[in-house]
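Take a look at the structure set out below.
Note that the coordinates shown come from a computational prediction; the quantities given were computed from them, not determined experimentally. Chain identifiers are assigned alphabetically (A, B, ...) following the order of the sequence lines, protein sequences preceding nucleic acid strands; residue numbering begins at 1 within each chain.
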There are 2 protein chains.
Amino acid sequence: MMDSALNTLLEYGIHPSVQRIAIMDYLQKHHTHPTVDEVYVALHQEIPTLSKTTVYNTLKLFAEQGAAQMLTIDERKVCFDGVVTPHAHFLCKDCGKVFDFPLSEEQMYVGCPTKESGFEITEAHVYYKGYCSECKKKRS
Amino acid sequence: MMDSALNTLLEYGIHPSVQRIAIMDYLQKHHTHPTVDEVYVALHQEIPTLSKTTVYNTLKLFAEQGAAQMLTIDERKVCFDGVVTPHAHFLCKDCGKVFDFPLSEEQMYVGCPTKESGFEITEAHVYYKGYCSECKKKRS
DNA sequence: TATAAACATGTAATTATTACAAGTGCAAAT
DNA sequence: ATTTGCACTTGTAATAATTACATGTTTATA
C-alpha cells in the first residue's frame with residue numbers, strides 16, 4: 001500500500017518512520033499541493049499522536065533531500081508537491097488553487113546561470129499567476 | 001529628485017502621496033530586494049510618522065498595479081523589486097541574498113499556458129535556488 | 001537487553017501579516 | 001476662505017504561520 005512512499009524515502013536517503021511514510025504517502029496520493037496544515041489535519045485522523053511540528057520537520061526534510069518540492073508561489077502560505085519531475089505551477093489569484101503545467105527540464109532551465117558564473121543551482125521554479133478558466137468565467 | 005518615483009506612480013495609475021513617493025523612490029534606488037521591514041526601517045528615519053501598515057498597504061498596492069514585483073522566492077519572507085522588466089531571480093540558500101539574472105520575456109513565458117487553455121496569465125516568475133559564488137567558496 | 005542515536009511530541013515564543021477603527025490631510029465645491 | 005467628503009495613513013490588537021527547545025519515545029545495533 002505505502003510501498004511506493006517507503007521506496008521514495010529510501011531512494012532519497014531518508015530514514016523511514018511511521019510518520020514519514022504516512023506523510024510521503026499522502027503527498028503521493030493527493031496532488032493538491034497541500035499546506036503543512038492540510039497534511040496535518042488529514043493525517044491526524046489516522047495517526048492521532050501526530051504533531052504539527054513533525055509535519056513541519058518532515059516536509060522540510062523531504063524538500064531538502066529532493067524527495068518533494070516546497071512551493072512558495074502563494075505569499076500567504078507555503079505548499080508542497082510530491083511530484084519532483086520538472087513542471088511549472090500556476091496560481092489562481094481568485095480561488096487560490098495551484099495548477100500544474102507541463103514544462104520540460106530544458107525549458108525550466110532556459111537562461112539559467114551557468115557553472116562559469118560561479119553560481120551553483122540546485123533547483124528551479126517557474127510560477128505563473130492569473131485567473132483559472134473557472135474564475136475567469138465568474139469574473140466576466 | 002523623486003520625480004522618477006512620482007512619474008512611475010502616475011504611469012501605473014496610483015494616486016501619489018508623500019509616503020507612496022518615498023517608498024517607490026526607495027525601491028528605485030535600492031535594488032536589494034528589500035522586505036517590508038527593511039523599507040520601513042530605512043524610511044522611518046526620514047519620515048518618523050510612517051507606519052508599518054502603510055508600508056504593507058503601499059507595497060501590496062504597487063504589486064497589484066504592476067508598479068513593483070512581489071517576490072516569494074524565500075519562504076521565510078516576502079520581498080519586493082522595483083524593476084518590473086523581465087528577469088529571473090536567484091536565492092542563495094546560505095546567505096539568503098537575492099540576485100537578478102537576465103531573462104527575456106520570451107524565455108520567461110516559454111511553455112506558458114496559452115489563451116486557448118482558458119487560463120489568463122498576468123505574471124510569471126522564474127526562481128533559481130542554490131549557492132552564490134561567495135558562499136560556494138566558503139563551503140568547500 | 002543495554003545503549004546511543006535518531007525521531008517525534010507539545011508547549012511556548014517569535015514573527016509576519018492582517019483587521020479594524022480612528023485620525024489626518026488634501027481637493028473639490030460652495 | 002470654509003466646508004465637506006474621500007482617500008490615505010496610523011496604531012493597536014488580533015490572527016496565523018513558523019520555529020525553538022526541552023522532553024519523551026522509538027529504533028537499530030552491539
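Under 4.0 Å is where a charged nitrogen must lie from a carboxylate oxygen, and between Asp37(A) and Lys52(A) at least one such pair does. Salt bridge Glu38(B)/Lys77(B): absent, no basic N to carboxylate O contact under 4.0 Å.
Within 4.0 Å (heavy atoms only), Thr49(A) reaches sugar-phosphate atoms of the nucleic acid but no base atom. At the heavy-atom level, Val78(B) lies under 4.0 Å from the strands shown only through sugar-phosphate atoms.
Comparing Arg76(B) and Pro16(B) by the nucleotide of DNA chain D whose heavy atom lies nearest to each, the residue mapping closer to the 5' end is Pro16(B).
Look at CG on Asn57(B): it is 9 Å from C1' on dT18(C), rounded to the nearest Å. Rounded to an integer number of Å, the gap from NE2 of His44(A) to C1' of dA8(C) is 14 Å. Between the CG atom of Leu59(B) and the P atom of dA16(C) there is a distance of 15 Å, given to the nearest Å. Rounded to an integer number of Å, the gap from His15(A) NE2 to dA8(C) P is 9 Å. One can place CD1 of Ile21(A) at 13 Å from C1' of dC7(C), the figure rounded to the nearest angstrom. Put simply, CD on Glu75(A) is 13 Å from P on dT18(D), counting in whole angstrom units. Between Ile47(A) atom CD1 and dT9(C) atom C1' there is a gap of 13 Å when expressed in whole angstrom units. Rounded to a whole Å, the CG atom of Asp74(B) is 16 Å from the P atom of dT15(C).
Residues His31(B) and His33(B) place their aromatic rings such that the two centres sit no closer than 6.0 Å.
The closest side-chain heavy-atom distance from Phe62(A) to Met24(A) is below 4.5 Å.
When the side-chain nitrogen and oxygen atoms of Ser17(B) are compared with OP1 and OP2 of dC8(D), none of them lie within a distance under 4.0 Å. Side-chain N/O atoms of Gln19(A) include one lying less than 4.0 angstrom from OP1 or OP2 on dT9(C). One finds no side-chain N or O of Ser51(A) lying less than 4.0 angstrom from the OP1 or OP2 phosphate oxygen of dA8(C).
Taking every side-chain heavy atom of Arg20(A) into account, dA8(C) is the closest of dT18(C), dT10(D), dA8(C). Taking every side-chain heavy atom of Tyr56(A) into account, dA17(D) is the closest of dT10(D), dA17(D), dT9(C). Candidate nucleotides dA20(D), dT18(D), dT10(D) were compared by shortest atom distance to the side chain of Thr53(A), and dA20(D) ranks first.
Shortest non-hydrogen contact noted between Tyr26(B) and Pro34(B) is CE2-CG, 4.0 Å.
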